[in-house]
Amino acid sequence: MGAARIQRGLLLLSALAAPAAAQERELPVAVRVQDAAGRVAWLRLPRPAFAVEPGRTLHETLAPGAFTATLVWAHSGPPATLRLALEADVPARLRVADRQVGDDPLAVAPGTRFVLEVEGRSGARVQVQTRDASGRATPVRGAECAPVPGPWDPEAERSFMLRAAGARLFRDLRCIACHLPPGEPTQAHRMPQPENAGSGQPLASLRGRVRPEYVFEWLLAPARVMPGAKMPALGTADAMGVRARYAVARHLAGAPAPIPVPTQPLESVARGAEHFTAIGCTACHAVPGARVEPGQVGLEHVAQKWLRGADLAGFLLDPLRLLPAGTMPRMGLTRAEAEDLAAYLFESTRARAPFRMPDLHLTDDEVAAEAHMVMEVRNCAACHEVAALRPGARTGALRPIASGCMVQGEVAETVPARHRDALDPRQRAALAEYLRGPALPWQGVAPARDVLAAVAMHRCEECHGDAGRARFTERPPRLFDLGERLQVEWLDAVFAGARGARPWLELRMPVFASHATATLGEGLAALCGEPRAEAVQRAADPRVADAGRVLVGARGLDCVLCHGFAGAPPRAGGRGQRGIDLDLVPVRVRRTWFHRHLDDPVRTLPESGMPPPWPEGRLRSDLPGGDVRRQQGAIWDYLSVGRNPAPEGLGDKGR
């Protein structure tokens with residue numbers, strides 16, 4: 001078992017803050033897991049598969065070591081005859097309609113019940129596959145499964161699930177920066193806290209960039225100024241609160257000096273409006289002037305926030321420079337695109353009534369002294385870099401109290417008052433349940449836990465989920481199929497912004513902070529029951545590579561009609577259904593998936609539009625290779641050689 005097989009993201013619990021419908025659609029298979037101590041946890045899988053590293057656990061609330069798991073799902077496709085195979089490193093049993101699975105074909109109708117029972121320890125890998133007549137295996141896909149209600153209905157574990165979801169909010173809202181979790185945490189039971197989680201921008205960066213009137217208003221009600229903001233309110237509207245907010249705003253951003261936002265060039269504004277939709281900004285942000293949906297971040301504040309002459313375009317080029325937490329990613333913009341987007345945002349939000357702040361006629365020394373006192377009391381250094389301030393010590397566990405961060409109300413509605421506007425009712429209930437319950441055993445952190453946490457935090461389903469894919473003309477891939485298809489090394493490079501297979505697309509892949517995506521590629525692979533990919537093997541026989549060159553060329557399967565090679569465009573040109581450069585294939589995709597894709601492109605990647613190279617498995621006897629599998633292998637070997645020589649017919653205008 002490789003160290004790359006991890007289980008980050010199997011948690012339903014860590015993703016409860018995300019929309020339930022989206023999670024049910026993406027991760028349909030229910031899994032009940034019990035450890036040797038009798039503790040029970042619930043998981044969701046995109047297919048009947050999981051992998052666990054040695055020394056890890058399936059679930060962060062279970063102890064590492066022995067476990068039992070039961071997966072139940074139903075066939076959701078049309079009637080079919082299947083040969084099912086079970087690949088497992090631990091004792092496992094698969095039953096279909098109360099029949100033990102063997103080598104014989106099985107006729108399954110819609111709703112046929114599948115039950116997978118596993119007994120194992122950390123260091124396990126389990127995957128259910130179908131096999132065709134020739135013995136080729138294909139993992140059972142989540143799209144072919146449907147959840148089956150049973151005696152272990154997750155709703156029966158509602159309180160426990162809410163507590164775990166509340167624990168995630170407790171960390172992501174940065175309560176943990178000031179307060180210990182409920183109970184008495186020990187070294188063995190410590191809430192995971194990734195590097196830079198929730199880190200805010202350095203406060204020294206506000207001067208010369210942000211208007212002090214904006215800071216003054218923001219401290220009173222962040223979620224009202226910018227819908228979707230998660231920062232708690234740190235000020236009040238009474239006389240003392242006004243003075244405190246004034247001191248902090250003036251100290252950080254300068255003296256009040258309202259400056260009207262200039263009119264932007266109409267051509268630039270129009271281009272920016274097009275970029276805002278095409279690049280994918282609408283996945284996280286509402287269009288200025290439109291209703292801000294739950295989970296989105298509004299932008300009506302832009303013209304009121306940024307000073308004239310401040311480099312908003314520079315911020316859009318690299319938001320991670322000011323926001324190290326990575327909630328606002330880099331979008332791979334050019335300088336011209338960033339300037340057009342900035343013009344659009346300024347012009348589309350300039351009609352909002354300007355923020356005001358009083359002039360209290362305090363001296364600079366009085367402002368500095370009072371601002372430092374306020375920021376120290378509010379422990380701003382827990383989330384922000386603040387000159388001359390260090391984070392204060394964490395207090396005891398939060399409990400419902402009558403003042404301060406918490407307010408006492410109905411038990412189910414006991415929530416952090418300053419976060420109330422930013423949380424939906426389910427999130428409020430989850431946080432309240434967590435705060436009033438006993439400590440969760442944060443031991444043996446599950447290695448795939450952060451996948452769904454990252455997906456929920458960064459709203460990945462807004463582009464990669466079914467609803468998100470329908471929003472865009474250029475459809476993003478399905479997120480939970482990527483671990484089956486792509487090499488972990490390639491995924492890591494994409495998340496780091498160093499790779500891109502389709503630079504001609506307008507839709508951009510965001511680049512988040514490295515701590516947020518460091519293990520995402522491994523987690524996506526583990527969700528599909530896949531190991532870390534093996535190193536690319538170069539072709540050893542030049543004759544095989546020569547046969548592959550003929551196969552992909554114009555005299556063969558004519559792959560170069562839609563696929564470029566080494567930077568040269570395909571013969572068909574254009575954008576449409578253009579495929580990736582062929583020379584990227586061996587370093588990008590898994591070889592097992594490569595063969596499945598060539599067998600049946602419509603099944604593995606329906607949106608690709610690629611026709612089957614060997615319809616119904618029929619061999620092209622006029623081409624070298626001997627049989628279909630050898631011809632596929634010859635293509636792989638040729639592509640793995642490198643960039644020379646190019647395929648025949650590349651760049652021709654016609655045959």
Side-chain angles (χ1 to χ4, degrees), residues 170-181 185 191 193 195-226 229-256 305 322-325 327 355 357-399 401-407 416-422 435:
F170 187 84
R171 190 192 75 179
D172 292 345
L173 294 175
R174 293 297 289 167
C175 303
I176 196 171
C178 302
H179 302 276
L180 294 172
M191 177 182 288
Q193 186 175 0
E195 179 186 0
N196 290 332
S199 298
Q201 59 187 297
L203 295 185
S205 69
L206 299 181
R207 187 173 290 270
R209 181 173 63 88
V210 176
R211 299 174 65 190
E213 297 89 345
Y214 174 84
V215 179
F216 178 80
E217 194 71 21
W218 167 267
L219 292 172
L220 179 64
R224 187 175 66 213
V225 172
M226 185 177 75
K230 294 297 189 287
M231 177 174 160
L234 297 180
T236 59
D238 57 22
M240 291 185 62
V242 168
R243 181 184 176 94
R245 288 189 288 130
Y246 172 86
V248 173
R250 180 174 156 185
H251 177 68
L252 295 178
K305 175 179 180 179
L322 290 178
L323 301 175
T327 51
F355 295 136
M357 66 182 285
D359 188 350
L360 300 185
H361 306 292
L362 299 178
T363 67
D364 290 344
D365 289 343
E366 290 173 326
V367 165
E370 185 148 351
H372 275 85
M373 181 187 68
V374 171
M375 290 190 292
E376 186 172 8
V377 169
R378 296 300 190 188
N379 199 16
C380 298
C383 299
H384 298 274
E385 180 182 322
V386 185
L389 287 183
R390 294 182 179 180
R394 294 194 298 176
T395 68
L398 277 173
R399 296 296 180 189
I401 56 177
S403 62
C405 287
M406 300 294 295
V407 292
R418 293 169 180 146
H419 281 300
R420 178 172 293 154
D421 292 340
L435 292 175

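Below, all heavy atoms of this structure are taken into account, side chains as well, without hydrogens, waters or symmetry copies.
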Pro222 and Ala229 have their tightest heavy-atom pair at O-CB, 3.7 Å
For Ala244, the side-chain contact (heavy atoms from CB on, under 4.5 Å) test, sequence neighbours excluded, returns Val374
Can you find a pair of side-chain heavy atoms, one from Met357 and one from Tyr246, that are under 4.5 Å apart? yes
side-chain hydrogen bond (donor to acceptor under 3.5 Å, both in side chains) filter on Arg209, not counting sequence neighbours, yields Gln201, Ser205
Rounded to the nearest 0.5 Å, the CG atom of Leu206 sits from the CH2 atom of Trp218 at a distance of 10.5 Å
Note: Gly254 and Pro212 closest approach over all heavy atoms is O-CB, 3.4 Å
- Message: When you compare the side chain of Glu370 with that of Arg243, does any pair of heavy atoms fall below 4.5 Å?
- Response: yes
Problem set entry | Any Glu217 side-chain heavy atom under 4.5 Å of Arg224 side chain | yes
In this structure, CE of Met375 is separated from CZ of Arg378 (nearest 0.5 Å) by 13.0 Å
Heavy-atom closest pair (Val367 atom, Ala247 atom, distance to 0.1 Å) is CG1-O, 3.4 Å
Taken in chain and number order and not counting sequence neighbours, the residues that satisfy side-chain hydrogen bond (donor to acceptor under 3.5 Å, both in side chains) with Glu366 are Thr363
Residues passing the side-chain contact (heavy atoms from CB on, under 4.5 Å) test with Val242, sequence neighbours excluded, are Phe216, Arg245, Pro358
CE (Met231) and SG (Cys380) are apart, to the nearest 0.5 Å, by 6.5 Å
Original post:
Just wondering, are more than 12 heavy atoms of other shown residues or ligands nearer than 6.0 Å to CD in Glu385?
Top reply: no
Sequence neighbours excluded, the answer for side-chain hydrogen bond (donor to acceptor under 3.5 Å, both in side chains) partners of Asp364 is Arg250
Between the CG atom in Leu203 and the NE2 atom in His251, the distance rounded to the nearest 0.5 Å is 9.0 Å
Here the gap from His384 atom NE2 to Leu252 atom CG, rounded to the nearest 0.5 Å, amounts to 9.5 Å
